J.: 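Quick one: the structure is below, and I'll ask about it shortly.
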Amino acid sequence: MRRPLAIRALRGLALALIVVWSAFPIMLVVASSFKPPRDIFVYPPTWLFSPTVDNYVGLWRRWPDFFSNLVNSLIITVGATAVAVLSSTLAGWVYSRHRSRLLTFSAFFMIFIRLIPPIVVTLPLFPAVNWLRLNDTHLVLILLYATFFVSLGTMIMKTFIDQIPRELDEAATVDGASDWQIVLRVILPVAAQGMIAAGVFVFVYAWNEFLFAFIFTTTRAKTAPLVVSEMTGAVDGVEWGVLFAATTLQLLPIVIFVMLAQKYLIAGLTAGATKG
Amino acid sequence: MKRFSFAHAMMVMPVQALLGLVIFLPAIYVFWLSLNESSFGQAPRWVGFANYVEVLSDPYFWQAFLNTVIVINIVVYVELALGLGVALLFVGGVPARRLMIAIVLAPYAISEVSAVVMWRFMMDPTIGMVSQTLAALGLPTIEWAVVPEHGLALICILSIWLHLPFTFILLYSARLAVPTELYEAARIDGATPWQEFRRVTLPLMIPAILVSVLFRYIFAFRIFSEVWLLTQGGPARTTEVLAVYLYQEAFRYNAFGKSAATGWLMVVASVLLALWYLRQIYKRMFAADA
């Protein structure tokens with residue numbers, strides 16, 4: 001069915017606006033990170049410039065630790081994703097295959113817990129983490145990030161495992177497999193899609209998180225977002241070129257990751273939001 | 001069906017232990033803390049509900065409360081309108097659909113910190129392109145670091161930019177789930193596009209709309225990083241939201257009791273917001289549990 005020209009023009013315009021709205025700020029930062037200083041502040045912004053890596057060299061000189069902060073971010077992100085996905089898969093299988101009052105109650109508890117704002121628990125956790133000598137470690141952030149996503153993760157895994165035929169479990173039981181063997185040998189290999197869907201959310205969250213990193217790390221375990229925020233608050237004025245280089249390194253990998261994982265992100269969001 | 005066994009308990013344990021030890025017990029402890037007066041290196045002293053009285057009579061608390069209410073209502077409903085609009089636009093057919101969806105989703109991947117860098121650069125009163133455009137048009141510039149209303153407006157823009165993908169995806173999936181036969185039937189009955197939207201699309205999307213609005217309310221209510229990174233609640237505590245107020249009371253003024261009381265007020269508000277949803281979930285879960 002052909003639409004009238006005016007309608008098509010309006011749709012085209014709306015589409016162009018949403019693309020500019022979503023992509024322009026990101027493109028601007030990435031492009032500016034390769035601009036020589038005089039081109040960064042040109043108004044209106046120019047897309048024609050001779051690219052340079054000076055800002056990245058500047059970042060390397062001025063903030064040599066930034067690259068180890070990126071490594072911290074990676075370690076914490078991978079750690080949190082592994083903890084959250086594995087624990088969610090185990091729990092998701094139990095919730096998918098079994099029913100009891102206690103289980104239902106614990107599932108409800110899991111949803112209820114999601115209502116507690118993260119800032120609230122920082123208050124008692126701050127002294128507790130210090131007392132356990134876990135402050136400024138990767139482990140504390142791994143556990144925090146994993147915890148705030150196991151509820152959603154379990155819901156997603158339950159939804160995915162619900163779609164795996166029970167006959168697989170039953171066949172394994174007949175062959176004498178224990179519950180652990182069923183989950184680890186039978187379910188895990190076929191639940192990969194769900195695990196990726198559950199993992200995407202923790203991964204993005206852990207890579208980007210600011211509040212907990214701000215409160216629980218000081219030097220050794222500092223993550224990239226925290227250091228970028230320090231650059232924006234530098235007392236001797238913001239060095240925009242260097243800041244754009246750091247921001248680009250922080251955001252580009254995860255933007256590409258999200259674009260590639262689009263399918264899983266959508267599946268996970270719909271499963272997690274409508275079911276839990 | 002097999003009964004609940006020791007193995008099952010062990011499998012559920014990691015998730016429940018994390019939730020219990022990292023969120024639930026600390027939250028209970030916060031309640032106890034809220035009934036005491038305490039600070040660094042000082043033994044807690046029982047004061048009953050005095051902290052709550054103090055918080056509720058603190059003008060800074062009410063400023064933060066009002067800011068939070070304004071910001072979340074703007075953010076949630078603008079996101080809903082935009083998300084619904086974009087979802088319907090996409091359902092009508094777009095070129096390079098997968099790529100387009102990827103572009104609309106991109107801000108989901110951006111950290112609050114990076115988003116603040118982008119928007120601060122564009123909105124900078126002297127070098128920012130938005131300010132320069134406004135100046136070129138003879139309009140006053142956005143003084144977000146000085147004028148509280150402008151600061152809050154920028155916080156809203158930033159928050160909408162970051163979270164539109166979430167609302168969009170939920171609504172887009174929900175719209176795709178509406179059976180096409182219904183539209184064919186409506187067309188045979190001679191429905192106009194508006195009637196189609198009003199009588200078919202909207203009623204069938206209501207559950208998804210409610211869920212996305214509810215989730216966004218609950219998460220927008222916690223807003224901290226955008227505000228902290230943009231204005232730190234300033235100038236003079238005028239742009240604080242509840243989470244920033246809580247942080248300031250705890251980590252700047254060392255008033256743990258007041259801060260804990262704020263925390264519990266936030267928990268109670270979240271639960272009240274979600275009460276309807278919790279009831280639905282509860283009924284469905286315990287009905288299935290036969």
Side-chain angles (χ1 to χ4, degrees), chain A residues 11 14-15 18-19 22-23 25-26 29 41 43-45 87-88 90-91 94 98-100 102-104 106-108 110-111 113 115-117 119-121 123-125 143-144 146-147 150 154 179-180 204 208 210-211 225 228-229 232 243 247 250-251 254-255 258-259 262 266 269-270 273-274, chain B residues 2 4 7-8 11-12 14-16 18-19 22-24 26-27 29-30 33 86 89 94 101-114 117-118 121 127 129 132 169-170 173 211 215 218 222 224-225 229 243 246-247 250 256 259-260 263 266-267 270-271 274 281-282 285-286 289:
Chain A
R11 288 177 56 87
L15 212 54
I18 185 71
V19 168
S22 304
I26 303 172
V29 163
F41 304 108
Y43 175 83
S87 53
S88 300
L90 291 177
V94 178
H98 301 277
R99 297 238 183 293
S100 76
L102 191 66
L103 269 181
T104 313
S106 73
F108 186 73
M110 207 163 66
I111 292 167
I113 284 287
L115 293 172
I116 297 175
I119 184 101
V120 175
V121 299
L123 218 49
L125 285 182
L143 292 179
L144 277 166
T147 303
V150 286
T154 306
D179 283 339
W180 283 99
V204 174
N208 286 336
F210 173 75
L211 173 64
V228 172
S229 83
T232 64
L243 178 60
T247 308
Q250 197 276 329
L251 68 78
I254 199 79
V255 168
V258 161
M259 286 181 150
Q262 188 194 117
I266 296 174
L269 255 180
T270 1
T274 50
Chain B
K2 270 186 305 178
F4 190 65
H8 300 156
M11 288 181 193
V12 179
V15 164
Q16 296 291 347
L18 282 173
L19 291 173
V22 179
I23 307 181
F24 186 67
Y29 182 76
V30 168
L33 209 57
V86 179
L89 185 71
V94 290
I101 292 179
I103 290 172
V104 177
L105 282 186
Y108 181 83
I110 307 295
S111 59
E112 287 108 344
V113 175
S114 297
V117 170
M118 291 166 196
F121 178 62
I127 58 162
M129 62 197 61
Q132 296 195 45
I169 283 302
L170 280 189
S173 319
V211 165
F215 269 64
I218 291 168
R222 309 170 173 183
F224 174 85
S225 307
L229 293 163
L246 188 158
Y247 177 86
F256 293 157
S259 176
M266 285 181 77
V267 172
S270 291
V271 172
I281 295 273
Y282 186 86
M285 281 180 138
F286 283 90
D289 166 40

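All figures in this text were calculated on a predicted structure; none of them were measured in a lab. Naming convention: chains lettered A, B, ... in sequence-line order (proteins, then strands); numbering from 1 in each chain.
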J.: Using heavy-atom distances under 4.5 Å, tell me whether B:Val104 contacts chain A through its side chain, its backbone, both, or neither.
T.: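 B:Val104 touches chain A through backbone and side-chain heavy atoms alike.
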J.: If I measure from the heavy atoms of chain A, does B:Phe224 come under 4.5 Å with its side chain, its backbone, both, or neither?
T.: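 Side chain only.
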J.: Look at the side chain of A:Asn208 and the backbone N and O of B:Ala109, then say whether any donor-acceptor pair between them is shorter than 3.5 Å.
T.: yes
J.: Is A:Val120 in contact with chain B via its backbone, its side chain, both, or neither, using a 4.5 Å heavy-atom distance?
T.: both
J.: What part of A:Val228 lies closer than 4.5 angstrom to a heavy atom of chain B: side chain, backbone, both or neither?
T.: both
J.: Looking at B:Met266, B:Glu112, B:Met129, which makes the most heavy-atom pairs under 4.5 Å with chain A?
T.: B:Met129
J.: Given that the side chain runs from C-beta out, which part of B:Tyr282 has a heavy atom under 4.5 Å from chain A: side chain, backbone, both or neither?
T.: both
J.: Which atoms of B:Ile103 are under 4.5 Å from chain A, going by heavy atoms: the side chain, the backbone, both sets, or neither?
T.: both
J.: Is there a side-chain contact between B:Arg222 and A:Leu211 in this structure, where contact means two heavy atoms from C-beta onward sitting under 4.5 Å apart?
T.: no
J.: Under a 4.5 Å heavy-atom cut-off, does chain B meet the side chain of A:Val19, its backbone, both or neither?
T.: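 For A:Val19, backbone and side chain are both near chain B.
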J.: Can you tell which of A:Leu90, A:Ile18, A:Thr147 has the highest number of heavy-atom pairs within less than 4.5 Å of chain B?
T.: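 Highest number of heavy-atom pairs under 4.5 Å: A:Thr147.
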J.: Quick one: what part of B:Ile218 sits under 4.5 Å from any heavy atom of chain A, side chain, backbone, both or neither?
T.: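 Side chain only.
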J.: At a heavy-atom separation under 4.5 Å, does B:Ile169 approach chain A through its side chain, its backbone, both, or neither?
T.: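 Just the side chain, heavy atoms under 4.5 Å.
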J.: Check each atom of B:Ile101 against the heavy atoms of chain A and say whether the ones under 4.5 Å are side chain, backbone, both or neither.
T.: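 Both parts, backbone and side chain.
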J.: Counting only heavy atoms closer than 4.5 Å, note whether A:Ile26 contacts chain B via side chain, backbone, both or neither.
T.: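 Contact with chain B is through both the backbone and side chain of A:Ile26.
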J.: Quick one: which of B:Phe121, B:Tyr247, B:Phe24 has the most heavy-atom pairs under 4.5 Å with chain A, could you say?
T.: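 Sorted descending by pairs with chain A, the first entry is B:Phe121.
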J.: I'd like to verify something: which residue of B:Ser114, B:Ala250, B:Pro14 has the highest number of heavy-atom pairs under 4.5 Å with chain A?
T.: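 Top option by heavy-atom pairs under 4.5 Å: B:Ser114.
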J.: Against chain A, label B:Ile23 side chain, backbone, both or neither, depending on which of its atoms sit under 4.5 Å from a heavy atom there.
T.: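 It is both, since atoms from each part get that close.
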J.: Counting only non-hydrogen atoms closer than 4.5 Å, does A:Ile116 touch chain B with its backbone (N, CA, C, O), its side chain (CB onward), both, or neither?
T.: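 Interface part for A:Ile116: both.
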J.: Does the B:Gln132 side chain pair with the main chain of A:Tyr43, one donor and one acceptor, at a distance under 3.5 Å?
T.: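 No; zero donor-acceptor contacts below 3.5 Å.
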J.: Side chain from CB out, backbone as N, CA, C, O: work out which of these in A:Pro45 comes under 4.5 Å of a heavy atom of chain B, or both, or neither.
T.: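 Interface part for A:Pro45: side chain.
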J.: Pick one of side chain, backbone, both or neither for A:Thr154, based on which atoms fall under 4.5 Å of a heavy atom in chain B.
T.: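 Only the side chain of A:Thr154 comes within 4.5 Å of chain B.
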J.: Non-hydrogen atoms of chain A under 4.5 Å away: do they reach the side chain of B:Leu89, the backbone, both or neither?
T.: both
